[in-house]
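Every chain is numbered from 1 and lettered A, B, ... according to where its sequence line falls, protein lines coming before strand lines.
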Amino acid sequence: MSEKVDRQFYLREDTLEVAADLLGKLIVVPGAAGLRVSGMIVETEAYLGVIDRAAHTYGGRRTPRNEAAYALGGHVYVFFVYGMYYQLNVVCGPVDHPHVVLIRGVEPVEGIDLMRERRGEMKERNLTSGPGKLCIAFRIDRTFNGADLLGDQIWLEDHRSFGTDQISVGKRIGIDYAGEDVDNPWRFWVTGNEFVSRK
DNA sequence: CAAGTGATTAGC
DNA sequence: CTAATCACTTGC
């Protein structure tokens, strides 16, 4: 069994680099009876803290909801949106530096039957190919907000790595409100992977 | 393509 | 206190 990705990985200054390097990492969440539910990250988006109009922390906004984004790198920020869905983010950099990476797409690896049950969905391709979908499949909810990725509730492991020739870069999705920042190429995905949320 | 859904927040 | 908003998904 692979070891947890270490703290240093998350503490790097360049959040865009972390967002790209997260592609290929395995997200692991223990299910019941020692069962592992896991999947490989294939799509991410970076939100660059106070300077990014698309970020919840733009301009240094700090509220009960986004507090976890100000934690030390290697914690997770989970929030609820549209009255139905959770979104999973990885916090990067030092304390009080609210840069985060949204996990938008994952390829199922372990615990696929459990994912199917939770999603009420038979087609594997539709289990975790979106930020809201994957939170349902992994049963990630508000109780994960602020969790440490070096703890035992949720963590990342090395799995595969992709070179720049296998990674695509583009604008982020669903942030039409972001003014000058809408077109920033801060979304990364594994080229051609079928678990990317949009082609 | 539009509705659903409810926590959160900004603005009175 | 109230109303608008929203880093999405599904089904028409």
Practice item. Would you please confirm or rule out a distance under 4.0 Å between OP1 or OP2 of C/dC6 and any side-chain N or O of A/Arg65? Key: no
Review point. In terms of side-chain geometry, is the basic nitrogen of A/Glu45 or A/Arg172 positioned less than 4.0 Å from the acidic oxygen of its partner?
Key: no
Exercise for review: Give the nucleotide from the list B/dA10, C/dT10, C/dA7 with an atom nearest to the side chain of A/Ile175.
Suggested key: C/dA7
Exercise for review: Select one nucleotide: of B/dT9, C/dC6, C/dT9, the one nearest the side-chain heavy atoms of A/Tyr177.
Suggested key: C/dC6
Practice item. Would you indicate whether A/Arg119, at its atom CZ, is surrounded by more than 12 heavy atoms from other residues, nucleotides or ligands within a distance under 6.0 Å? Key: yes
Please output the side-chain donor-acceptor pairs of residues 10-28 of chain A that fall under 3.5 Å, not counting sequence neighbours, one pair per line with the distance.
unit_1	atom_1	unit_2	atom_2	d
A/Arg12	NE	A/Phe9	O	3.1
A/Arg12	NH1	A/Glu17	OE2	2.8
A/Arg12	NH1	A/Asp21	OD2	2.8
A/Arg12	NH2	A/Phe9	O	3.4
A/Arg12	NH2	A/Asp21	OD2	3.3
A/Asp14	OD1	A/Leu16	N	3.0
A/Asp14	OD1	A/Glu17	N	3.3
A/Thr15	OG1	A/His99	ND1	2.8
A/Lys25	NZ	A/Asp158	OD1	2.5

Practice item. Searching all strands shown, indicate the nucleotide that pairs with B/dT5 (Watson-Crick or G-U wobble; both distances under 3.5 Å). Key: none
Review point. Just checking A/Val100: base, sugar-phosphate only, or nothing, at a heavy-atom cut-off of under 4.0 Å?
Key: base
Identify all side-chain donor-acceptor contacts of residues 79-88 of chain A below 3.5 Å with residues at least two apart in sequence or on another chain.
unit_1	atom_1	unit_2	atom_2	d
A/Tyr86	OH	A/Arg142	NH2	3.3

Check your understanding: Touch check for A/Gln87, heavy atoms < 4.0 angstrom, all strands: base, sugar-phosphate only, or nothing?
Key -> sugar-phosphate
Exercise for review: Could you list by number each residue of residues 67-84 of chain A showing a heavy-atom separation from DNA chain B of less than 4.0 Å, or answer none if no residue does?
Suggested key: A/Phe80, A/Tyr82, A/Gly83, A/Met84
Exercise for review: Look at the side chain of A/Lys4 and the backbone N and O of A/Gly151, then say whether any donor-acceptor pair between them is shorter than 3.5 Å.
Suggested key: yes
Review point. Just to confirm, is there a sub-4.0 Å distance from OP1 or OP2 of C/dT10 to any side-chain nitrogen or oxygen of A/Arg119?
Key: yes
**Study point:** Any donor-acceptor N/O pair, A/Glu67 side chain to A/Gly146 backbone, under 3.5 Å
**Key:** no
